[in-house]
A.B. asks: 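First, the structure itself, so that you have it in front of you.
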Amino acid sequence: MRPDTPAENVDHTAEAARLERTAGLYPEDAEALLLQAAAHLELAGDRPAASTLYDRLLSSPTGLENPHLVRALKAANLWEYGHEAEARAIIEGVRAAAPRDPAPWVIVAEALESHDELEAAQETFTEGTGLLLADVQQPPYSMHPLLFGRHRVRRMLGVPHDDWDVLADTLHSSPVSLDELHDPKRVWSLGSDNPAELEAEISRLRAELGTYREALSRPFPVAILHWPADELAELVDAYPSLAAEYPSHEAHLTTIETSLRELAASGTPNLGIVPGTVPSYEAFAASEGTSPEDVSLLPQYATTLAARGRAVSWPPERGAVCWCRSAKPYDACHGS
């Protein structure tokens with residue numbers, strides 16, 4: 001599907017089939033591609049087929065990079081076509097597993113919220129926030145939906161703000177505050193005859209639309225390409241002209257960390273790192289009809305890998321091992 005294709009013109013069933021075929025060609029990216037295919041099937045209204053894809057992923061003999069995300073999506077999908085008991089059981093399983101990724105928490109909490117289980121949704125948002133924000137000074141971009149969702153549900157419940165609600169307000173960049181966007185009384189303004197109230201609601205809707213567009217414009221991280229030591233040695237041996245780009249592996253690692261810190265300092269959100277391999281890079285160059293020695297191909301390769309879900313979020317969580325694969329904690333390695 002072309003990125004400029006209007007949503008209303010998308011044949012979601014055909015797009016799902018195309019993604020399944022692509023997953024067969026790129027088995028290393030099958031998890032991300034099949035999740036996209038399942039999403040298209042849900043949009044097409046074929047929820048049983050989407051559940052079949054989720055089951056296919058969960059039964060994969062090679063294992064999954066994020067099984068909790070797949071289970072969360074499966075639960076949300078099942079609930080939408082009448083399998084409430086099974087969905088609730090899966091949701092409780094996801095919560096008990098305490099994943100370190102914000103996405104499963106957001107999905108199961110929003111599933112509860114969409115079925116008017118507001119107290120349970122607030123508990124789920126809070127559990128995830130407490131787990132993932134422990135000892136974190138600045139929440140990463142991926143944490144924002146968790147904090148915003150928690151703020152929204154608590155606003156609907158009418159509970160007082162706490163420190164995490166204040167943090168959500170601080171992170172929110174829209175000109176309309178979260179308190180105003182999440183006001184449960186907004187629905188009444190849509191039926192108002194007061195022009196001022198209607199104009200205010202139009203402004204809030206525009207602000208929400210801008211936030212959604214910003215999120216959709218960044219569906220995957222701005223990623224920097226990382227060559228592990230053995231892959232970089234093979235790359236430079238096969239294509240000596242790239243030695244000018246990569247004088248040494250140590251310099252390569254330093255450049256990655258420096259570039260990411262500069263991007264973060266400039267205000268760029270949603271940053272990540274994608275590991276490259278020589279066979280994958282050569283296949284990408286062949287698909288582009290270009291020589292692997294073309295330096296301009298490297299950032300395109302990184303973006304393609306990120307679009308396939310291969311990026312790892314940067315910076316790593318506190319206590320996590322460094323992205324450079326040194327086995328040292330990030331804070332004691334490139335994060336020091």
Side-chain angles (χ1 to χ4, degrees), residues 1-27 29-60 64-84 86-88 90-91 94 101-117 121 124 141-142 144-146 148-149 152-153 181 205-206 208-221 270 303-304 306-311:
M1 181 178 66
R2 288 172 52 85
D4 56 350
T5 303
E8 61 271 17
N9 295 335
V10 175
D11 184 338
H12 292 291
T13 302
E15 185 65 14
R18 185 191 68 80
L19 287 164
E20 286 193 65
R21 291 193 299 272
T22 306
L25 297 173
Y26 301 98
D29 299 331
E31 182 176 342
L33 293 167
L34 291 178
L35 285 178
Q36 293 178 45
H40 279 286
L41 289 171
E42 289 191 37
L43 291 170
D46 194 352
R47 293 190 175 275
S51 287
T52 300
L53 271 188
Y54 294 134
D55 288 334
R56 173 180 163 187
L57 282 166
L58 291 169
S59 62
S60 171
L64 299 174
E65 291 184 9
N66 199 339
H68 303 304
L69 174 61
V70 180
R71 291 190 181 95
L73 290 166
K74 178 183 175 181
N77 181 56
L78 283 170
W79 203 337
E80 289 300 322
Y81 72 105
H83 296 268
E84 178 181 342
E86 187 178 354
R88 286 182 181 276
I90 296 173
I91 287 172
V94 171
D101 175 19
W105 290 102
V106 172
I107 291 163
V108 296
E110 288 185 345
L112 292 163
E113 177 190 354
S114 66
H115 293 277
D116 294 326
E117 301 279 350
T124 305
Y141 183 83
S142 60
H144 292 191
L146 189 60
F148 296 162
R152 180 179 61 249
V153 171
L181 290 177
L205 290 170
R206 283 175 175 164
E208 280 187 302
L209 182 59
T211 302
Y212 290 141
R213 281 177 172 165
E214 181 182 356
L216 289 171
S217 70
R218 301 293 296 281
F220 49 84
N270 201 14
T303 300
T304 300
R308 291 179 183 165
R310 308 301 297 174

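All heavy atoms count here, side chains included; hydrogens, waters and symmetry mates do not. The chain is numbered in sequence order, starting from 1. Everything numeric in this text was worked out from a predicted model, so none of it was measured.
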A.B. asks: How are the rings of Y81 and H83 set to each other: parallel, tilted or perpendicular (split at 30° and 60°)?
C.D. replies: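 Correct class here is perpendicular.
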
A.B. asks: Return the CG to CG distance between L35 and L19, rounded to the nearest 0.5 Å.
C.D. replies: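 CG of L19 is found 10.5 Å from CG of L35.
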
A.B. asks: Look only at the side chain of E31 and the backbone of E65, and say whether a donor-acceptor pair between them is shorter than 3.5 Å.
C.D. replies: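 Flag set: sc E31 to bb E65 pair under 3.5 Å.
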
A.B. asks: Given side chain to side chain contact (heavy atoms under 4.5 Å, CB included), test E117 with R88 step by step and report yes or no.
C.D. replies: CA-CA 11 Å; E117 301 279 350; R88 286 182 181 276; 2.5 Å; yes

A.B. asks: Between A121 and E113, what is the shortest heavy-atom contact and its length?
C.D. replies: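 Where A121 meets E113 most closely, the heavy atoms are CB-N, 3.8 Å.
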
A.B. asks: Which pair of non-hydrogen atoms, one from A37 and one from A16, has the smallest distance, and what is that distance?
C.D. replies: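 In this case the closest contact between A37 and A16 is O-CB, 3.5 Å.
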
A.B. asks: Of the non-hydrogen atoms in L58 and P67, which two are nearest, and what is the gap between them?
C.D. replies: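 Scanning both residues completely, I find the closest heavy atoms to be CD2-O, 4.0 Å.
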
A.B. asks: Please round to the nearest 0.5 Å and tell me the distance separating atom CD of E42 and atom CG of L73.
C.D. replies: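 If I round to the nearest 0.5 Å, the distance is 7.0 Å.
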
A.B. asks: So, E110 side chain and G149 main chain: donor-acceptor pair closer than 3.5 Å or not?
C.D. replies: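 Between the backbone of G149 and the side chain of E110 there is no qualifying donor-acceptor contact (under 3.5 Å).
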
A.B. asks: Determine, stepwise, if the pair L57 / K74 fulfils side chain to side chain contact (heavy atoms under 4.5 Å, CB included).
C.D. replies: CA-CA 10 Å; L57 282 166; K74 178 183 175 181; over 6 Å; no

A.B. asks: Looking at I90, V70, L34, which one forms a side-chain contact (heavy atoms from CB on, under 4.5 Å) with Y54?
C.D. replies: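 That would be V70; it is the only one of I90, V70, L34 passing the side-chain contact (heavy atoms from CB on, under 4.5 Å) with Y54.
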
A.B. asks: Go through the structure and list residues passing side-chain hydrogen bond (donor to acceptor under 3.5 Å, both in side chains) with T304, not counting sequence neighbours.
C.D. replies: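 Testing T304 for side-chain hydrogen bond (donor to acceptor under 3.5 Å, both in side chains), a comparison that skips the adjacent residues, returns none.
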
A.B. asks: Using modelled atom types and a 3.5 Å cut-off, is there a donor and acceptor pairing between side-chain atoms of D46 and backbone atoms of L41?
C.D. replies: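 Checked: no pair found.
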
A.B. asks: Taking all non-hydrogen atoms of both residues, which atom of N77 and which atom of S51 are closest, and how far apart?
C.D. replies: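 In terms of heavy atoms, the two residues are closest at ND2-OG, 2.8 Å.
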
A.B. asks: Would you compute the distance between atom CG of L146 and atom CG of D101 and round it to the nearest 0.5 angstrom?
C.D. replies: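 One finds 10.0 Å between CG of L146 and CG of D101.
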
A.B. asks: State the CH2-CZ distance between W79 and R47, to the nearest 0.5 angstrom.
C.D. replies: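 Between W79 CH2 and R47 CZ, I get 13.5 Å after rounding to 0.5 Å.
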
A.B. asks: Do E20 and R56 have side-chain heavy atoms sitting under 4.5 Å apart?
C.D. replies: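 Yes; the side chains approach each other to less than 4.5 Å.
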
A.B. asks: What's the spacing between I91 CD1 and L112 CG if we round to 0.5 Å?
C.D. replies: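 Answer rounded to 0.5 Å: 4.5 Å.
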
A.B. asks: Indicate the atoms forming the closest heavy-atom contact of A75 with A87, along with that distance.
C.D. replies: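 Looking at all heavy atoms of both residues, the closest pair is O-CB, 3.3 Å.
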
A.B. asks: Which heavy atom of T13 sits nearest a heavy atom of A44, and at what distance?
C.D. replies: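 Closest pair (atom of T13, atom of A44, distance): OG1-CB, 3.6 Å.
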
A.B. asks: Can you tell me how far apart CG (D55) and CZ (R71) are? Round to the nearest 0.5 Å.
C.D. replies: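 Reported value, rounded in 0.5 Å steps: 11.0 Å.
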
A.B. asks: Name all residues meeting the salt bridge (charged side-chain N to carboxylate O under 4.0 Å, His left out) criterion together with E80; count only those two or more places apart in sequence or in a different chain, and write none if there are none.
C.D. replies: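 Result, salt bridge (charged side-chain N to carboxylate O under 4.0 Å, His left out) vs E80: none returned.
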
A.B. asks: Looking at residues at least two apart in the chain, or sitting in another chain, which of them share a side-chain hydrogen bond (donor to acceptor under 3.5 Å, both in side chains) with Y26?
C.D. replies: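 Scan of Y26 (side-chain hydrogen bond (donor to acceptor under 3.5 Å, both in side chains), adjacent residues dropped) gives none.
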
